[in-house]
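Position 1 is the first residue of the sequence; numbering continues from there.
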Amino acid sequence: MSAQQYDGIGEAFEGFKSLPLTRYGEVPSLLGMVGAVSGRSVLDLACGTGFYSREFKRRGATDVLGVDISEAMIAAAREIERRDPLGVRYEVGDVAELRPVGQRFDIAVAVQCLNYAEGIAAMKRMCRNIHRNLVKGGKFFMLAQKPDYRFDCPSLDKYGFRCEPTGEETETGPRERVTALLDPQPISIVTTAPRREVYEECLRATAFGEVEWIPLQISEAGIRQFGEDFWADLLAHPPLEMLRCRT
């Protein structure tokens with residue numbers, strides 16, 4: 001499902017990072033959670049067009065490998081790397097079937113990745129594959145749809161996104177349609193919001209420990225740009241949540 005949806009987006013996916021929720025919420029929150037990467041190796045799973053892969057390399061990561069199931073996304077990432085070389089490597093790959101990539105990484109990051117698992121068994125395969133590509137004591141960081149997000153809360157339109165339930169329930173959790181309100185053409189993606197216990201079960205079943213949920217934050221730049229009141233609805237009902245754990 002994820003490959004077919006993202007193949008049609010390509011480099012337009014970069015536009016997501018300009019929307020208020022992403023620019024002032026997701027990006028600073030994720031980078032703040034991951035922390036210093038200087039001198040570390042990073043495996044960026046579901047890397048898309050390589051936004052975070054490039055950011056980790058700029059922040060001093062010694063080796064960065066981006067992996068995504070979408071050939072179009074990887075093609076766009078490689079084209080950006082060709083235009084502005086940073087030394088980031090990219091591969092097409094399905095995290096549920098990910099082979100050992102020839103080395104073990106200090107850090108793995110997955111933004112909107114595990115929530116595309118077709119079921120609990122697939123999510124466990126994803127977690128197992130991530131674990132075996134990390135060093136002992138390696139860290140895994142994840143960002144995805146908030147497991148218990150309430151769709152009857154105030155609209156997210158002013159933050160650049162719209163979240164709507166599809167009415168379909170899967171083994172891992174409810175499906176939802178997320179629309180990035182890009183100009184001139186919005187882009188919609190159907191994903192799943194796995195239940196909190198599903199994530200925790202799959203991670204612990206594959207030997208991850210110290211599982212901790214981390215709330216989304218708004219950066220100081222976002223507060224200066226829009227003011228505190230603008231962000232009140234988002235902080236009261238955040239659509240995204242992060243998680244960290246280690247091998």
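- The side-chain heavy atoms of Y52 and L31, taken from C-beta on, include a pair separated by under 4.5 Å.
- R99 has a carboxylate O that lies under 4.0 Å from a charged side-chain N of E91, or vice versa, which qualifies the two as a salt bridge.
- Using a cutoff of 4.0 Å between basic side-chain nitrogens and carboxylate oxygens, R58 and E55 are scored as salt-bridged.
- Counting non-hydrogen atoms of neighbouring residues, nucleotides and ligands closer than 6.0 angstrom, the NZ atom of K57 exceeds 12 such neighbours.
- At least one side-chain heavy atom of F140 sits less than 4.5 Å from a side-chain heavy atom of L134.
- Contact check for V95 versus I69: no side-chain heavy atoms found under the 4.5 Å cut-off.
- Around CG of D229, the count of heavy atoms belonging to other residues, nucleotides or ligands within 6.0 Å does not exceed 12.
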| When you look at C202 and I120, which way does the side chain to side chain contact (heavy atoms under 4.5 Å, CB included) test go after all the steps? | CA-CA 7 Å; C202 291; I120 291 174; 3.9 Å; yes
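- Environment of CZ in R177: sparse, with no more than 12 heavy atoms of neighbouring residues, nucleotides or ligands closer than 6.0 Å.
- The aromatic ring centres of H131 and F208 sit less than 6.0 Å apart.
- Looking at P20 and K158, their side chains never come closer than 4.5 Å, going by heavy atoms from C-beta outward.
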| task | Could you walk me through whether V111 and F51 pass side chain to side chain contact (heavy atoms under 4.5 Å, CB included), step by step? | result | CA-CA 11 Å; V111 174; F51 176 89; over 6 Å; no
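- For R54, the CZ atom is densely surrounded, since the number of other residues' heavy atoms within 6.0 Å is greater than 12.
- Under a 3.5 Å cut-off, the side chain of N129 and the backbone N or O of A96 do form a donor-acceptor pair.
- Note that CG of L243 is 10.0 Å distant from CZ of F141, once rounded to the nearest 0.5 Å.
- Without hydrogens or angle criteria, T166 side chain to E168 main chain gives a donor-acceptor distance under 3.5 Å.
- A donor-acceptor pair under 3.5 Å links the side-chain atoms of Y159 to the main chain of L234, judged by distance alone.
- Relative ring orientation between F226 and F230 is described as parallel, the plane-to-plane angle staying below 30° on a 0-90° scale split at 30° and 60°.
- Side-chain contact between C163 and E176 is present, with at least one heavy-atom pair separated by less than 4.5 Å.
- Here the closest non-hydrogen pair linking G209 and C245 is O-CB, 3.3 Å.
- Here the shortest heavy-atom pairing between S188 and T179 reads OG-OG1, 2.6 Å.
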| side chain to side chain contact (heavy atoms under 4.5 Å, CB included) between L43 and R104, intermediate numbers included | CA-CA 9 Å; L43 177 61; R104 290 178 180 262; over 6 Å; no
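- Linking ILVMFWY residues whenever their side-chain heavy atoms come closer than 4.5 Å, directly or via other members, places I223 and L235 in the same cluster.
- The pair E200-R196 does not meet the salt-bridge criterion, since no charged nitrogen lies less than 4.0 angstrom from a carboxylate oxygen.
- Between the CE atom in M142 and the CG atom in L203 there is a gap of 7.5 Å [rounded to 0.5 Å].
- Looking only at distances, no side-chain donor or acceptor of S29 sits under 3.5 Å from a matching main-chain atom of E26.
- Using a cut-off of 4.0 Å between Lys/Arg side-chain N and Asp/Glu carboxylate O, D148 and K146 are scored as salt-bridged.
- T192 and N115 share no donor-acceptor pair across their side chains, judged by distance under 3.5 Å alone.
- With contacts defined as side-chain heavy-atom distances shorter than 4.5 Å, the pair Y116/T191 qualifies.
- Tracing side-chain contacts under 4.5 Å through hydrophobic residues (I, L, V, M, F, W, Y), one never reaches V34 starting from Y199; they form parts of separate clusters.
- Checking side-chain atoms of R246 against main-chain N and O of G137 turns up a donor-acceptor pair under 3.5 Å.
- The main-chain N or O of V92 is never found under 3.5 Å from a side-chain atom of D68 such that the two would form a donor-acceptor pair.
- Side-chain heavy atoms closer than 4.5 Å link hydrophobic residues (I, L, V, M, F, W, Y) into clusters, and following such links, even through other members, never connects V211 to M33.
- Donor-acceptor pairing under 3.5 Å is recorded for the side chains of D63 and Q103.
- At distances below 3.5 Å, at least one donor-acceptor pair connects side-chain atoms of W231 with backbone N or O atoms of G222.
- Using modelled atom types, one finds a donor on one side chain and an acceptor on the other under 3.5 Å when comparing Q145 with Q112.
- The shortest heavy-atom contact between G66 and C47 is C-SG, 3.5 Å.
- Of the possible polar contacts, one joining the T247 side chain to the G138 backbone as a donor-acceptor pair under 3.5 Å is found.
- Here CZ of R59 is found 14.5 Å from CZ of R40. Values are rounded to the nearest 0.5 Å.
- Of all heavy-atom pairs spanning L19 and G160, the tightest one is CD1-O, 3.4 Å.
- Checking side-chain atoms of S38 against main-chain N and O of A61 turns up no donor-acceptor pair under 3.5 Å.
- Nearest heavy atom pair, residue A76 against residue T49, reads CB-CG2, 3.7 Å.
- Transitive grouping of hydrophobic side chains (ILVMFWY, heavy atoms separated by less than 4.5 Å) brings V27 and L182 into a common cluster.
- The SG atom of C113 sits 5.5 Å away from atom CD1 of I130, with the distance rounded to the nearest 0.5 Å.
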| query | Is there a side chain to side chain contact (heavy atoms under 4.5 Å, CB included) between I214 and E241 once you walk through the steps? | reply | CA-CA 6 Å; I214 308 294; E241 194 165 7; over 6 Å; no
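- Residue L240 holds its CG atom at 9.5 Å from OH of Y149, rounded to the nearest 0.5 Å.
- Here the rule is salt bridge (Lys or Arg N to Asp or Glu O under 4.0 Å) with E118, and of R175, R125, K124 only R175 fits it.
- Using a 4.5 Å heavy-atom cutoff, the side chains of S155 and D233 are not in contact.
- Side-chain atoms of D44 come within 3.5 Å of backbone N or O of S53 as a donor-acceptor pair.
- Between D106 and V42, the closest side-chain pair of non-hydrogen atoms is not below 4.5 Å.
- Rounded to the nearest 0.5 angstrom, Y90 OH and I80 CD1 are separated by 7.0 Å.
- L45 is not connected to I189 by any chain of hydrophobic side-chain contacts under 4.5 Å among Ile, Leu, Val, Met, Phe, Trp and Tyr, and they are in different clusters.
- Not a single salt bridge (charged side-chain N to carboxylate O under 4.0 Å, His left out) links E228 to another residue, sequence neighbours left out.
- When all heavy atoms of L114 and C127 are compared, the closest pair comes out as CD1-SG, 4.1 Å.
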